[in-house]
Amino acid sequence: MVQLVEERPYRWRIEPEGGMRVPGVVFATRELLPDPSEDQALAQVAAVATLRGIVEAAYAMPDMHWGYGFPIGGVAATDVAAGGVVSPGGVGFDISCGVRLLLADLHVDDLRPRLDKLMDALDVSVPRGMRKGAVWRLHSQAELENILAGGARYAVERGHGEPGDLERCEDRGAVADADPAGIGSRARERGLQQVGSLGSGNHFLEVEAVADVYDEEIAEAYGLWQGRVCVMIHTGSRGLGHQICTDAVKTMQAAMTRYGISVPDRQLACAPVESHEGRAYLAAMAAAANYGRANRQLLGQAARQAFDRVTGHGDLTLLYDVSHNLAKLETHQVDGGTRRLCVHRKGATLALPPGHADLPPDLRPVGQPVLVPGSMGVGSYVLAGVPGGPAFASACHGAGRRLSRHQAVKTTSAATLRAELERAGIAVRGASARGLTEETPQAYKDLDAVVEVCVQAGLARKVAKLAPVGVVKG
DNA sequence: ATGTAC
């Protein structure tokens, strides 16, 4: 049983004990903490703190909940030079799952009369669900390799977007150190079929409108004016990333004894960053990251075409595209020294502070847009990275699941949910009954409360809230 | 999250 101490408001501590090398630090209010009788996420934070090379603390965001090995909402950094490990469970099965936000040159009042037509167009042009179909049909492994190496940049080179899009993508659309060589044939086969598809679960494409502005200066820099229509796309690397994770976990479980590594949970399988298995995973993960970015690039382009056909405003501007399931090699100050760290963010969004060199020049003065999708019908937040964040420049990634999918379907029905959304003026397209019910907002934490913790804990700044107008679900 | 199962 994990003992939690409230260090100060919005910040809880798990003292190191047993094999823990560092404390656990959880950003939350009492109400947002998981209930240990139903959700093992706090025990998972303590388990992550045992990993070789971990520095500072095993962190958890206020939207944390139980995941595979690591909690979702977890942030853990290991010191590469000190034999620090990389763990596929610290990234998650949906490698490079993330969010892209595009801005239309359109006020929501002017969209309303054509909303149904727009949603019908998106319904047709956004492949999703378990069934086959994707925007881009690949014919060869060579073509897939270009995506794995070039990400959104390759998609844009092939005409699926505008060069300016890349300035607003994390890593400018492509991670440099991707190497498809180590990716298995099964992952490749799955990847061939799904570039430009949404998937299912909590993935979605949502039409939204700016409803509240909290920080005028940053909102202006981001282009978020009251009533502005936006498109938020939440998806990842589909079956390809899933297969790469599955393969790497298996490989590392077999390799750990060779490196003298033992972990309290088999799902925490890991290998030193500087090992054959560690390097191979990071190279394959980077390739999946590029696949995920190309995927969102293609779906953004599909949205542009639908907007163009229906509203004549196809010129959607990309605000930002950022992953919330990724491990990155980054340089941070730890204990007064500069260290090269492998930072795992699983259900945690990168949140670069103002002035950071990785930001495009026009965003550098205000910090990185942090995109936080809420549950269905609740809307989303745009936050901004702040200086001196306490968890390696990370923030929350969403509302955070509170009930399991199984529990969620018992609370309501698809018909009820659909009626509630429509009564609230939100158009819904193409969700399976089961999928829709599993995503009921009752199954999620209170997004406003989660975001407030991020602000109060110094993780990010509130910029604007987006209200949902129409949702396309898998 | 996921051809919801090796």
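Residue numbers begin at 1 in each chain, while the letters A, B, ... track the order of the sequences. Computed from a prediction, not measured in an experiment: that's the story for all the values here.
Among the atoms of the strands shown, none is found under 4.0 Å from any heavy atom of A:E438. When heavy atoms are screened at a 4.0 angstrom cut-off, A:G92 is found touching no nucleic acid atom at all.
Remark: P of B:dT2 and NE2 of A:H234 are 10 Å apart, rounded to the nearest angstrom. Here B:dT4 presents its P atom at 14 Å from CZ of A:R434, a figure rounded to the nearest Å. Put simply, NZ on A:K250 is 12 Å from C1' on B:dA5, counting in whole angstrom units. With rounding to whole Å, A:R128 atom CZ is found 18 Å from B:dT2 atom C1'. Rounded to an integer number of Å, the gap from A:H406 NE2 to B:dT4 P is 18 Å. Rounded to an integer number of Å, the gap from CD of A:Q243 to P of B:dC6 is 9 Å. One can place CZ of A:R186 at 7 Å from P of B:dC6, the figure rounded to the nearest angstrom. Taking atom CD of A:E439 as the reference point, atom C1' of B:dT4 lies 14 Å away to the nearest angstrom.
Close to B:dT4, at under 4.0 Å from its OP1 or OP2, lies no side-chain N or O of A:S200. Look at A:R405 and you won't find any side-chain N or O under 4.0 angstrom from OP1 or OP2 of B:dT4.
Between A:M285 and A:P88, every side-chain heavy-atom pair lies at or beyond the 4.5 Å cut-off.
At distances below 3.5 Å, not a single donor-acceptor pair connects side-chain atoms of A:E439 with backbone N or O atoms of A:G435.
Side chains of A:S96 and A:S237: no donor on one and acceptor on the other come within 3.5 Å.
Each of A:V207, A:L205, A:I426 was scored for a side-chain contact (heavy atoms from CB on, under 4.5 Å) with A:V471, with one residue passing: A:I426.
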